[in-house]
Enquirer: 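Take this structure first; my questions come after.
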Amino acid sequence: MPPHDPATTIPRPEPATAALPTFTGYRNLLGLVRQLSSLGGCAQPIRLEGQRTEIDAFTGEILRELKSKELPAGHLLVRCGNRRTTRCPSCAELYRQDTYHLIAAGLRGGKNIPEQVATHPRVFATLTAPSYGPVHGRRVGGTARCRCGRTHTKGDPRLGTPLDPERYDYTGAVLRNAHAPALWARFMLHLRRTIAAAAGLPQRLFSKVVRVSYAKVAEYQQRGMIHFHAVIRLDGRAGPYTPPPAWATPELLADAIRIAATRAHIDGPEINGCARSFAFGEQIDTRIIRSSAFQGGTTITEGKVAGYVAKYATKGTEAATGSLYHRLKRITDLWFESVPEHAAQMIRTAWALGARDDLKHLNLRKWAHMLGFRGHFSTKTRAYSTTLSALRAAWHRPHTPPPSPTTLVLAHWAYDGTGLTPDLERLSALINGGLTRAEAVTADA
């Protein structure tokens, strides 16, 4: 080893300044931090350009004026509001919390809903889809072997895929997803008829005695089929403000749900000489909801149900389709998407069925990326609870007081794009303690 010369300068690596964010182009850095902080960590904020002016209606004096080009970021930035956890964790968490309060208010009162709803019959129901061919799955406890002879671990990509893709009924699966909203409506019709028959009521008098209220969410199974989770409640004729009749018990409601689910069916189109009919699967789960004040931890309570439904409401098609979130303009665009083969085949089937004249009303090509499903993921009856708009308005009211009645507000905003520049995205991640989109992809890999 050669002797060390103290006069020799040890080379030091140059700092990687090119990889560091630069904000020299932003004059108001503190204001920029405040503007990005208001997004709450939104991954894909919407950029708007325009202005908002408040004018005194009597004097014509301009009281306040806001121009997007004068804001620190050069745009007005608003949250994307996406409910999917895989797209924007921050907005999805906000949506989950709002959904939790919406469901909980319909179970135990609050948010302008009387507390007496906690004494009404309430059932948490899960309605599944029928089988269109055997698929890889995990049995109870995850220890029993699948039909393929193997024991699948949680997260195995083969879960939910057909054992024999050549014999799997993709046409029936896609059409059943497309008819799922109509099937739910038919189920509700049978449910009201079943309850009326059990109570000995004529159909024409049912709505004058009792009302059925519900909130439901749709969820994709790993095999790509839609099933529903619903909170169903019996009220008096005036909704949550009146008690139901004495004969309306939770047990009667649970039995009526099971009977109505087995009776509900929708006649579908005739494909290749075979008439289709769609119904719910054999697995119909009904659980009576008890008050948490009187039950132990093993009973399903209002808080648990609200948490379940809120969690389902932030899911999308990622359980079945992976990373496909947008509509397809051409079926060839599917080649450039990272989609499992089973989901890709359902998309191709939906696209092919969408070319049929007798199926134009289903808009299958428009909803091919949703595997044929064209309904809302979260719905409720008007009398069940409050609304998401009312919940958010109640939150914004103390933070953003409305202008005076004598103030004229003139506003014009135009969409300019989605997302932030890499530097602003890095700064937003630093402010909110998260990762940038590029870092999140690297971490997942």
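Everything numeric in this text was worked out from a predicted model, so none of it was measured.
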Enquirer: Can you list the residues that meet the side-chain contact (heavy atoms from CB on, under 4.5 Å) rule with Arg237, with sequence neighbours excluded?
Expert: none
Enquirer: Of all residues at least two apart in sequence or in a different chain, which pass the salt bridge (Lys or Arg N to Asp or Glu O under 4.0 Å) check with Arg365?
Expert: none
Enquirer: What pairs of residues pass the salt bridge (Lys or Arg N to Asp or Glu O under 4.0 Å) test when at least one of them lies in residues 95-107, not counting sequence neighbours?
Expert: Glu93-Arg96, Asp98-Arg392
Enquirer: Could you give the side-chain donor-acceptor pairs of residues 409-416 under 3.5 Å, partners two or more places apart or in another chain?
Expert:
unit_1, atom_1, unit_2, atom_2, d
Tyr415, OH, Thr418, OG1, 2.7
Asp416, OD2, His75, NE2, 2.8

Enquirer: Check side-chain hydrogen bond (donor to acceptor under 3.5 Å, both in side chains) between Asn177 and all other residues, then give those that pass, not counting sequence neighbours.
Expert: none
Enquirer: Could you pull out all residues at least two apart from Asp169 that satisfy salt bridge (Lys or Arg N to Asp or Glu O under 4.0 Å)?
Expert: Arg276
Enquirer: With sequence neighbours excluded, tell me which residues meet side-chain contact (heavy atoms from CB on, under 4.5 Å) with Asp156.
Expert: His152, Thr153, Arg158, Leu159
Enquirer: May I have all residue pairs that pass salt bridge (Lys or Arg N to Asp or Glu O under 4.0 Å) and include part of residues 370-379, sequence neighbours excluded?
Expert: none
Enquirer: Who are the side-chain contact (heavy atoms from CB on, under 4.5 Å) partners of Phe58, not counting sequence neighbours?
Expert: Asp56, Thr406
Enquirer: Of all residues at least two apart in sequence or in a different chain, which pass the salt bridge (Lys or Arg N to Asp or Glu O under 4.0 Å) check with Arg211?
Expert: none
Enquirer: Which residues pass the salt bridge (Lys or Arg N to Asp or Glu O under 4.0 Å) test with Asp357, sequence neighbours left out?
Expert: none
Enquirer: Identify, with sequence neighbours excluded, every residue that meets side-chain hydrogen bond (donor to acceptor under 3.5 Å, both in side chains) alongside His227.
Expert: Glu219, Gln221, His229
